[in-house]
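Sharing a structure, written as structure tokens. Questions coming.
Counting starts at 1 for both ligands and their atoms, following the listed order. This structure is a prediction, so every number in the text was calculated from the model and none was measured.
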Amino acid sequence: MYPSRFRYEAPRSIDEAIALLQEGGGEAKVLAGGQSLVPLLKLRFAAPELLVDINGLPGLDYHRVDADGTIRIGALCRHADLERSSLLPDRQPTMAAAAPLVADPIVRNRGTLVGSLCHADPQGDWASVVTALGGHIVAQGVNGRRTIPVAQFVTGPFQNALAYDEVAVEAVIPAPKGTAAGGYLKLERRVGDFATAGTAVALEFSGLTVTRAGIALTGVGGSTINATDAAQALVGGALTAESISAAADLAGQAAQPRSDHRGSAEYKRHIVRTFVHRILTRIEQSTEKAA
Ligand SMILES: Cc1cc2nc3c(=O)[nH]c(=O)nc-3n(C[C@H](O)[C@H](O)[C@H](O)COP(=O)(O)OP(=O)(O)OC[C@H]3O[C@@H](n4cnc5c(N)ncnc54)[C@H](O)[C@@H]3O)c2cc1C
């Protein structure tokens, strides 16, 4: 099917993009990688009057690490940039683990992490990763910039907290206060598929003690699930067989899966428990080795 007719604009500055969105009055959409929006246009699930293509905006294709360890990902940083990043493997294991599991190579060449957060698909991998890491989005509008924690940014399935005339300019991952550890596991029916279930785990350690924990779940609820009880079960002690099992069980309980063509609800809950257990066990083994 062809998309409905729309006006297309390719602004050269962020201010011009914001002015165009204002002019669109809620009937305009930002186009980033187009890997979610274009299929929606073609299916006519979305029919905006105006497309504001931000691909020509200068200086948004970065991902970088500040001196204090904060990671910043610009709105035009592609999934593939993160997959090939030399910055992430040592600094941010949860992101490094997730990057190659998002979609397929063709989608990863165009799609963006920020676009994925804006799209707010319950099966989006990055929303879980950034939630587990306690990240936030920086939005820019006519009144300047504001910061929105990602757990509040995703307001429901395919809904986010942006005003109609705001552009999400970057995602920010706070600097870990201790040693960062983590992982992302995803069950997909075939390579490149959306998650049947996915789990993001992000920990910070002081010595062997877990000082911060984040666990978030992909594809097992109406939106990304922040499994805070599961994460809290880990904080304040070393990883042990008991704390790992407790966290895995609580993560399973936090999941709200539905039975569908990808599997039964109980199967997906089992995957969540198994994946959280597996990631934590790997971390426990590697921290023990390092100690
Ligand atoms: C075949 C296929 C398989 C896929 N598999 C997966 C998968 O396994 N896991 C996964 O997580 N994703 C998957 N995706 C989705 C993919 O990751 C998209 O790249 C991502 O969801 C959206 O990023 P984008 O840059 O392409 O955004 P676009 O498609 O350009 O935009 C998506 C939405 O976000 C808005 N938006 C985008 N950027 C901004 C911004 N800076 N400010 C304000 N609003 C903005 C747009 O207006 C639109 O509503 C798949 C897509 C395809 C086509």
Side-chain angles (χ1 to χ4, degrees), residues 3 6 8-11 14 17-18 20-21 24 26-43 45-57 59-61 73-83 95 98-131 137-141 145-146 148 153-154 157-171 184-198 200 216-219 223-224 262:
F6 56 83
Y8 171 87
E9 297 285 351
I14 188 90
I18 292 164
L20 283 162
L21 290 173
E27 297 302 326
K29 279 227 160 268
V30 169
L31 175 72
Q35 298 305 301
S36 294
L37 184 54
V38 171
L40 290 180
L41 295 176
K42 290 176 100 173
L43 291 164
F45 288 154
E49 286 172 9
L50 169 63
L51 272 197
V52 179
D53 182 346
I54 61 169
N55 285 278
L57 300 188
L60 287 181
D61 58 354
I73 303 119
L76 292 174
C77 174
R78 315 286 167 178
H79 306 312
D81 298 329
L82 299 170
E83 181 184 11
M95 289 184 74
L101 301 179
V102 177
D104 56 49
I106 298 169
V107 174
R108 290 201 291 274
N109 278 338
R110 291 298 301 166
T112 64
L113 177 146
V114 171
S116 179
L117 298 181
C118 291
H119 188 53
D121 186 334
Q123 287 175 304
D125 297 295
W126 285 124
S128 294
V129 171
V130 180
T131 299
I137 286 278
V138 177
Q140 187 168 338
R145 292 189 169 199
R146 68 183 175 119
I148 311 164
F153 182 75
V154 177
F158 306 104
Q159 289 175 337
N160 66 49
L162 288 177
Y164 73 87
D165 54 358
E166 282 181 313
V167 177
V169 288
E170 69 175 7
Y184 187 74
L185 285 174
K186 169 179 177 179
L187 179 71
E188 47 193 356
R189 291 174 303 172
R190 57 181 183 277
V191 172
D193 194 13
F194 285 94
T196 299
L217 314 178
T218 312
S223 55
T224 302
R262 288 190 161 88

Q: Heavy-atom contacts with Lys29 under 4.0 Å: which atoms of ligand 1 show up? List them by number with element.
A: 47 (O), 49 (O)

Q: State whether the shortest distance between N or O atoms of Ala32 and N or O atoms of ligand 1 falls below 3.5 angstrom.
A: yes

Q: Give the residue and atom name of whichever protein heavy atom lies nearest to atom 2 (C) of ligand 1, and the separation in Å to one decimal.
A: Val107 CG2, 3.7 Å

Q | Option set Gln35, Lys186, Glu188, criterion heavy-atom distance to atom 8 (O) of ligand 1, minimum | A | Lys186

**Q.** side chain to side chain contact (heavy atoms under 4.5 Å, CB included) partners of Val114, counting only residues at least two apart
**A.** Ala75, Cys118, Ala168, Ala171

Q: Would you check whether Ala168 has a nitrogen or oxygen atom less than 3.5 angstrom from a nitrogen or oxygen atom of ligand 1?
A: yes

Q | Polar proximity ligand 1 side, Asp125 side, N/O cut 3.5 Å exclusive | A | yes

Q) Mind checking whether Asn55 and Arg110 have side chains closer than 4.5 Å, heavy atoms only? A) yes

Q: Compare Gly34, Pro39, Gly192 and give the one whose heavy atom is closest to atom 3 (C) of ligand 1.
A: Gly192

Q) Taking the minimum heavy-atom distance to atom 25 (O) of ligand 1, which of Thr112, Val169, Val52 ranks first? A) Thr112

Q. What's the shortest heavy-atom distance between Gly198 and Ala195, and which atoms?
A. N-CB, 4.2 Å

Q | Sidechain N-carboxylate O distance under 4.0 Å for Glu83, Arg78 | A | no

(Q) Against ligand 1, does His79 come closer than 4.0 Å with any heavy atom? (A) yes

**Q.** ring-ring contact (aromatic ring centres under 6.0 Å, His included) involving Phe158 - partner list, sequence neighbours excluded
**A.** His119

(Q) Taking 4.0 angstrom as the limit and counting only heavy atoms of Asp193, give me the atoms of ligand 1 inside it, by number and element. (A) 8 (O)

Q | Thr131 side-chain N/O to Ala127 backbone N/O, donor-acceptor pair under 3.5 Å | A | yes

Q) Looking only at protein heavy atoms, which one is nearest to atom 43 (C) of ligand 1, and how far off is it? A) Leu162 CD1, 3.4 Å

Q: Could you tell me which non-hydrogen atom of Ala17 sits nearest to which non-hydrogen atom of Leu57, and how far apart they are?
A: CB-CD1, 4.4 Å

(Q) Polar contacts were defined as any N/O atom of the residue lying under 3.5 Å from an N/O atom of the ligand; does this apply to Asp104 and ligand 1? (A) no

Q. Which one holds for Val30 and ligand 1: side chain close, backbone close, both close, or neither close, with close meaning a heavy atom under 4.0 Å?
A. both

Q.
Looking at non-hydrogen atoms alone, which of Leu101, Leu21, Leu37 comes nearest to atom 31 (O) of ligand 1?
A. Leu37

Q. In terms of atom number and element, which parts of ligand 1 are under 4.0 angstrom from non-hydrogen atoms of Gly33?
A. 24 (P), 25 (O), 26 (O), 27 (O), 30 (O)

Q: Considering heavy atoms of the protein only, find what lies nearest to atom 36 (N) of ligand 1 and give residue, atom and distance to 0.1 Å.
A: Cys118 CB, 3.6 Å

Q | Numbered atoms and elements of ligand 1 in range of Ile54, under 4.0 angstrom, heavy atoms | A | 41 (N)

Q: Compare Tyr164, Phe194, Phe158, Trp126 and give the one whose heavy atom is closest to atom 13 (C) of ligand 1.
A: Phe194

Q: Note the single closest protein heavy atom to atom 7 (C) of ligand 1, along with its residue, its atom name and the distance in Å.
A: Ala103 N, 3.3 Å

**Q.** Nearest protein heavy atom with distance in Å, relative to atom 21 (O) of ligand 1
**A.** Ser36 OG, 2.8 Å

(Q) For atom 37 (C) of ligand 1, what's the nearest protein heavy-atom neighbour? Residue, atom name and distance, please. (A) Gly115 CA, 3.5 Å

Q) If you measure every N/O of Gly124 against every N/O of ligand 1, is any gap under 3.5 Å? A) no

Q) Going by heavy atoms in the side chains, are Met95 and Leu113 under 4.5 Å from each other? A) yes

